[in-house]
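Below are the structure tokens for one structure; questions will follow.
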There are 2 protein chains.
Amino acid sequence: MRLLLIGFGTVGQGLAELLLAKEKVLRDRYGLKVKVVGIADMLKGSVYSTDGIDLAKALALVKSGDKLSTRSDKYDGDALSMIENAAADMMVEMTYTDIKTGQPATDHIRAALKKGMHVTTTNKGPLALFYRELKQLADEKGVRFLFEGTVMSGTPLLNLIRETLAGSTITEVKGILNGTTNYILTQMEEGLPYDDVLKKAQELGYAEAVPDADVLGWDALAKVTILANVVFDVNLKPDDSPCLGITEITADAIADARSRGKRFKLIGKVWRDGDTVKGSVAPEEIDLNHPLAGVPGATNALTITTDTLGDITIVGPGAGRTETGYSTLIDIIQAGGTR
Amino acid sequence: MRLLLIGFGTVGQGLAELLLAKEKVLRDRYGLKVKVVGIADMLKGSVYSTDGIDLAKALALVKSGDKLSTRSDKYDGDALSMIENAAADMMVEMTYTDIKTGQPATDHIRAALKKGMHVTTTNKGPLALFYRELKQLADEKGVRFLFEGTVMSGTPLLNLIRETLAGSTITEVKGILNGTTNYILTQMEEGLPYDDVLKKAQELGYAEAVPDADVLGWDALAKVTILANVVFDVNLKPDDSPCLGITEITADAIADARSRGKRFKLIGKVWRDGDTVKGSVAPEEIDLNHPLAGVPGATNALTITTDTLGDITIVGPGAGRTETGYSTLIDIIQAGGTR
């Protein structure tokens, strides 16, 4: 399987490391020989080689601060041009998420699908905004369009829903979809005010300098929208669901909830309501005896309500270099592996 | 796909109800048309028909207290004879677990595999005692040997490990594998002594009159043995692992743990220790911030430690009519469905 890696930041490098570490596992367990033929990155430059790129060398170059494009197999066009001209079987889209426009990732995905490549992406933008169009395009072309990393990072949630809960009907999915806010709420239980905890989270790199996407719930909202569309096969847009973040929660409210055996969590939720499907993001008081209550720090968790099993909860990492890289590896095995 | 149902108690009836309710889903989503050609039950009698058995009628007969064998398609032999003489594609083994001998389930499974049938079972005995032999027989015959229901009931744990955590290396699996003891420990946190809680659990039907298999940890030990053999491909027997139940835990010890931010859980565990694989069952103090701490009542949960994702925890039902019936439905789809 010939791969294109579009984006070679943290996630792309995480995937490259995994492809090196798992070469034997992929071959022995899944009959899968993976060759990366192209890497395109806006900052680090681009390389293309039909013989395959030496990933160990590429990782070393990037780690030493050099550009990929100092190599003899330097590619002069942009990512879109590489996708349009490359001979590859699958494109891995790992550029930075723009939740407002979904670009440039959406153009990359459209181009790859049109060429008949399988696609996996970790990018929430194209999914939250253009899921249905892209899925239809993939179906028309007879290729897989996969995006395990867009919700709960590498925690194999979408795979669980698609493959493992076979034959079940899902009525609701709800949970903790944003690690930054979960970390802040967990810390506020120690009695610290919101502003102090946010500052600490920013110092530790858990929250960004402009923390709006996390603390106002937008990141969770993008994931809620993806879940709604995938689980219930609808065409929800982010603006269709109410979204409330954690900025109004006080330390007093948290202490009060605690005294009643409850704990605040920022809950993203999608559910079937008669003939329609609804989504929401809002802080909720969760009973301490519910599995979601015990989810600590930057961990994510989702409870899936089914007709066959009642509630199933899955808890796992929601971010991370190896974890998100792994999400694309799951999808590569799905698209190309044999069992 | 022609099925034999061996055992038509709670689980068998749960499966029959699901097969009726999910007929359309199986056909539309998985291209799977299921026909039950034989049902054998020691108490309720046996029926066999190459045309297929009317499951609604069979369920009604059993619910009214009648025997299946009052029907015109009555079968006169025992379960083993039916397996040996039937024309079927898959056998569903749902007889009562005998953890000491694994019988009669093991003989049923051997006979079905030898005839080239796929097998799914909810029976822990054959798995804990004869996993390797049965797996090899299935591999020789080119058929599937599946047993999702033996650990965590229908919670799709084994499927998650086999299909969904593709490419990962697992180093440890630990969790709450017995709902009865988890219920007792949860209730004891209210300050009630062990004997009182056990009596209440027996009245509610959560614990059996002779509760040893649960409270001494044997049921969890059978599941630990199955997990060890499946996850690490070894040949552990129940006697190879230390096993301690919950009968020695006092209300005082529970209160003391609680004062230190801990909670007692009966933990079953398998892990790689150098070149060997070890298993154990014992009460453990779990930190209140660990996902296993929040698992209430009769619910089960397992934390899977991987090289790619760190810890993934799955929480779900550990027992129940529909839930355990569903475990065999997952396996039927695995063996016969197309995607």
Side-chain angles (χ1 to χ4, degrees), chain A residues 14 18 21-22 25-26 29-30 32 148 152-160 162-169 186 286-297 299 301 303-304 306-317 320 322-323 325-327 329-334 337 339, chain B residues 14 18 21-22 25-26 29-30 32 148 152-160 162-169 186 286-297 299 301 303-304 306-317 320 322-323 325-327 329-334 337 339:
Chain A
L18 275 172
K22 297 285 182 183
V25 169
L26 292 177
R29 278 199 226 161
Y30 307 102
L32 195 56
E148 184 61 69
M152 287 186 83
S153 172
T155 307
L157 171 81
L158 299 176
N159 198 297
L160 179 84
R162 193 176 56 231
E163 309 287 330
T164 308
L165 289 175
S168 293
T169 298
T186 307
I286 300 290
D287 194 279
L288 281 178
N289 281 324
H290 191 282
L292 291 178
V295 174
T299 307
T303 298
I304 305 161
T306 68
D307 61 339
T308 48
L309 294 172
D311 287 356
I312 297 287
T313 301
I314 183 160
V315 186
T322 305
E323 292 81 352
Y326 175 63
S327 74
L329 188 71
I330 296 179
D331 287 348
I332 291 166
I333 293 171
Q334 274 284 322
R339 307 277 161 113
Chain B
L18 276 171
K22 296 285 182 184
V25 168
L26 292 176
R29 278 199 226 160
Y30 307 102
L32 196 57
E148 186 60 71
M152 287 185 81
S153 172
T155 307
L157 171 83
L158 299 175
N159 198 296
L160 179 84
R162 194 176 56 231
E163 309 288 331
T164 309
L165 288 175
S168 293
T169 298
T186 307
I286 301 289
D287 194 279
L288 281 177
N289 281 324
H290 191 282
L292 291 179
V295 174
T299 307
T303 297
I304 305 162
T306 67
D307 60 340
T308 48
L309 293 171
D311 286 357
I312 297 285
T313 301
I314 184 162
V315 186
T322 305
E323 293 81 352
Y326 175 64
S327 74
L329 188 70
I330 296 179
D331 288 347
I332 291 166
I333 293 171
Q334 274 283 323
R339 306 276 160 113

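Letters go in sequence order (proteins before strands), and every chain restarts at 1.
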Interatomic spacing from OG1 in B:T308 to CG in A:L329 - rounded to 0.5 Å: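 Rounded to the nearest 0.5 Å, the OG1-CG separation comes out at 8.5 Å.
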Positive for side-chain contact (heavy atoms from CB on, under 4.5 Å) with B:T313, one of A:V295, A:V315, A:T299: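 Considering A:V295, A:V315, A:T299, a side-chain contact (heavy atoms from CB on, under 4.5 Å) with B:T313 is found only for A:V315.
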Selection from A:S327, A:G154, A:G14 maximising heavy-atom pairs under 4.5 Å formed with chain B: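 Result: the option with the highest number of such pairs is A:G154.
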A:Y326 (side chain) donor-acceptor with B:G167 (main chain) under 3.5 angstrom: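 No; zero donor-acceptor contacts below 3.5 Å.
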Winner by heavy-atom pair count (cut-off under 4.5 Å) against chain A, out of B:G297, B:G325, B:P156, B:G310: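 Option with the greatest count: B:P156.
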Side chain to side chain donor-acceptor pair (under 3.5 Å) against B:S153, all qualifying residues, sequence neighbours excluded: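 Side chain to side chain donor-acceptor pair (under 3.5 Å) list for B:S153, sorted by chain: B:T324.
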Region of B:N289 in contact with chain A, defined by heavy-atom distances below 4.5 Å: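 Contact with chain A: backbone and side chain both.
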Contact class of B:L309 relative to chain A, heavy atoms under 4.5 angstrom: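 Both backbone and side chain.
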Partner chain B: residue of A:T186, A:D307, A:I304 with the largest heavy-atom pair count (under 4.5 Å):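 Looking at each of A:T186, A:D307, A:I304 in turn, A:D307 comes out on top.
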Structural part of B:L165 lying under 4.5 Å from a heavy atom of chain A: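 For B:L165, the contact with chain A is made by backbone and side chain together.
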Region of B:T169 in contact with chain A, defined by heavy-atom distances below 4.5 Å: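 When you check distances to chain A, atoms from both the backbone and side chain of B:T169 fall under 4.5 Å.
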Interatomic spacing from CD1 in B:I312 to CD in A:E323 - rounded to 0.5 Å: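 So the CD1 of B:I312 and the CD of A:E323 are separated by 9.0 Å.
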Chain B contact via A:I314 - side chain, backbone, both or neither, heavy atoms under 4.5 Å: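 Interface part for A:I314: both.
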Under 4.5 Å from a heavy atom of chain A, the part of B:S168 involved: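 Contact with chain A involves both backbone and side-chain atoms of B:S168.
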